[in-house]
Amino acid sequence: MQIRLRFAPAPTGVLHVGGVRTAIYNFLYARKMKGKFLLRIEDTDVERSQKEFIDVILNGLKWLKIDWDEEIIFQSKRLDVYRKYAIKLLEEKKAYYCFCSEEELEEERKILRLEKKPVKYSRKCYSKSEEEIKRLLSENREKTVRFLVPDGETKFLDLIHGEITFKNEEIEDFIILRSDGSPTYNFACVIDDRDMGITHVIRGDDHISNTPKQILLYKAFGWEIPEFAHLPMILGPDRKKLSKRHGATSVIEYKEEGFLPEALFNFLALLGWSPGGDVEIISREDMIEKFDIKDCRKSASIFDRQKLLWMNSEYLKRKDLNEIIDLSLEFLRKEKWWKKEYEKDLEYLKKVVELTRERAKVLKDIPYLIEYFYIDDFGYDVEATERYFADPKVFEGLEEIKSELEKIETWDEKKIEEVVRKVADNLKEKHAFLIHPLRIALTGRKVGPSLFKLMELIGKERCIERIRKIIKELWGYIPGKTDLKKF
RNA sequence: GGCCCCAUCGUCUAGUCAGGCCCAGGACAUCACUCUUUCAAGGUGGAGACGGGGGUUCAAAUCCCCCUGGGGCCA
């Protein structure tokens, strides 16, 4: 039999990492078992559901390449279906009308709480006579439909947790249809899962307490009960359920920060599941091959951004350069210094990114890392300048290097290195004595990739010009006195 | 408050189902050293955990019970 799984988000908020991970596990399991992975939008709560969130959720899934089979099911288009099934339960006396007002119910609960009894609906409306119900209905009174919870206990075998049992007496006669005729979560969920032919329900373990209610509904309808697997939650650093307080909530924000979708997918897949052994970086194909819902952990895990960053940099190192370029361009175009004409020389961009990519943890780092390969007027790092321009002899060395560089005919890394080292030797100074100031001259910074490689890329003319410029601007520089802020 | 779930380094986890191979392995982070023109990356090494108490057993991270702690749902 082909299994069928689904991811069923409510468009009442953005798609956050917790939701994505649930989607990932459903997706992986479906692919592993050669089944189907479906999508359902639970938009029955008209007040809190927003169209924009649907797009946000869909875009997030698409970005992560979590693609779904078949058409998306929208609950808002199935309201008639839910009503039909509610009436069926009503007719079979497995559900009943409740005319209690919110105030009445609150009053009831208050008393129960005072008496330290379980807060549960009194079933008051269940004992109403046929005539009374008829009368109340004809008066067009506000009403809900409640499910009549039978006696006994409800147990199920959770694929992750094992057997879980609830006593039915702890479950109140829950509402299945609200007064506005819309279905409640548990009711719509069961009907949809049944209509969609869902065989396995994989969701967060915040739904464990919903499961017995749903099972009771399956039984009332005489439907086959699907398998359930309840995943542990992803918690914020404060060990509380993920929420807006924890910063980047929407997965799209990870995209905007320059995370690679495959890195986030890998990271999230391994948050709560392990293929066993010491695997960290694992391809999607291998995940599908090795995935088993039974290998999921039972305990909640905390989202560790540090490890995500590390994993992203690993993916960044391995990814095809051309793809990195394409993705980087999106970030570069947001920079004010970036000019459209730079994109004509893709070969140069490629070389520059190749040289700097391993220093990037996210794509967003790229523009900063390559800025000085494009613009010539940058400021000089104050701290570095104070340290490396303390000795006026530095200018002597730079002058010397400048004139030696001018003589170079084949401008390459090796030749440049030779020249720089020779000048330092002639001056009877350590090579670093000139290398550091040179770096400041060429990049304005104290750190970066190999100086000689970077000089090769920047080109002879521009390198010489930059050296000329720093000599001119810093001439007469006195450490600690000269105001470097102006550079 | 009621019910349910969970418990291995700071974090993610392997090992738990089929007890001995585990005085607990890996990864991130951290520290030291190394490489090096700098930073990062890389390499080497260090520190770091079975929440507590009872059982069962020749033997428990692993099985059972209790406590504690954390989380979730309902209100």
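Note on naming: letters A, B, ... go to the chains in the order of the sequence lines (proteins, then strands), and numbering restarts at 1 for each one.
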With ring pair (Phe, Tyr, Trp, His ring centres under 6.0 Å) as the test, pick out the partner of A/W273 among A/F267, A/F291, A/Y29, A/Y25. A/F291
[X] [atom1] to [N] [atom2], straight-line distance once rounded to whole Å:
| X | N | atom1 | atom2 | value |
| --- | --- | --- | --- | --- |
| A/E169 | B/C3 | CD | P | 10 Å |
| A/N168 | B/C3 | CG | P | 15 Å |
| A/R445 | B/C39 | CZ | P | 16 Å |
| A/I282 | B/A14 | CD1 | C1' | 14 Å |
| A/M233 | B/C12 | CE | P | 15 Å |

Might you list the N or O atoms of the protein lying below 3.5 Å from N or O atoms in nucleotides 73-75 of chain B, with each pair's distance?
residue : atom : partner : partner atom : Å
B/C73   : OP1  : A/K241  : NZ           : 2.7
B/C73   : O2'  : A/S209  : OG           : 2.8
B/A75   : O3'  : A/R113  : NH2          : 3.4
B/A75   : O2'  : A/R113  : NE           : 3.1
B/A75   : O2'  : A/R113  : NH2          : 3.1

Heavy-atom neighbours of [X] [atom1] exceed 12 at 6.0 Å:
| X | atom1 | result |
| --- | --- | --- |
| A/R48 | CZ | no |
| A/E153 | CD | yes |
| A/K110 | NZ | no |

Residue mapping more 5' on RNA chain B - nearest nucleotide basis, A/A360 or A/F166: A/F166
5'-most by nearest nucleotide on RNA chain B - A/D295 or A/K167: A/K167
Under 4.0 Å, heavy atoms only, any strand: does [X] hit a base, just the sugar-phosphate, or nothing?
| X | answer |
| --- | --- |
| A/L270 | sugar-phosphate |
| A/G272 | sugar-phosphate |
| A/S450 | base |
| A/P212 | nothing |
| A/E280 | base |
| A/I302 | sugar-phosphate |

Nearest 0.5 Å, what's the OH-CG distance between A/Y185 and A/N210? 5.5 Å
My understanding is that a pair needs two contacts under 3.5 Å, Watson-Crick or G-U wobble. By that rule, which nucleotide pairs with [N]?
| N | result |
| --- | --- |
| B/A7 | B/U68 |
| B/G45 | B/C31 |
| B/U16 | none |
| B/C22 | none |
| B/U38 | none |
| B/G1 | B/C74 |

Can you find a donor-acceptor pair, distance only, under 3.5 Å between A/S301 side chain and B/U13 base? no
May I ask you to decide if the ring planes of A/Y126 and A/Y96 are parallel, tilted or perpendicular, using 30° and 60° as cut-offs? tilted
Which pairs, protein N/O on one side and nucleotides 5-7 of chain B N/O on the other, fall under 3.5 Å?
residue : atom : partner : partner atom : Å
B/C5    : O3'  : A/H161  : ND1          : 2.9
B/C6    : OP1  : A/H161  : ND1          : 3.2

Distance between the P atoms of B/G46 and B/A24, in whole angstroms? 13 Å
Could you please name the option among B/U37, B/U13, B/U38 that lies closest to any side-chain atom of A/R421? B/U37
Among B/U37, B/C4, B/G26, which nucleotide sits nearest the side chain of A/A432? B/U37
Stepwise side chain to side chain donor-acceptor pair (under 3.5 Å) check, A/S101 with A/E104: CA-CA 5 Å; A/S101 67; A/E104 273 176 87; 3.3 Å; yes
Please confirm whether A/R445 makes a cation-pi placement over A/F378, using NZ or CZ under 6.0 Å from the six-membered ring centre and within 45° of the ring normal. no
Check whether NZ of the Lys or CZ of the Arg A/K155 lies under 6.0 Å from the centre of the six-membered ring of A/F228 and within 45 degrees of that ring's axis. no
When you check the side-chain N and O atoms of A/R439 and A/T443, is any donor under 3.5 Å from an acceptor? no
With distance as the sole criterion, is a donor-acceptor pair present between the side chains of A/D425 and A/H431 under 3.5 Å? yes
Could you pull out the protein-nucleic contacts involving nucleotides 41-46 of chain B (nitrogen or oxygen on both sides, under 3.5 Å)?
residue : atom : partner : partner atom : Å
B/A41   : O3'  : A/K317  : NZ           : 3.2

A/S301 versus A/R21: any side-chain heavy-atom pair under 4.5 Å? yes
Aromatic contact, A/F395 with A/F389 (centres under 6.0 Å): yes
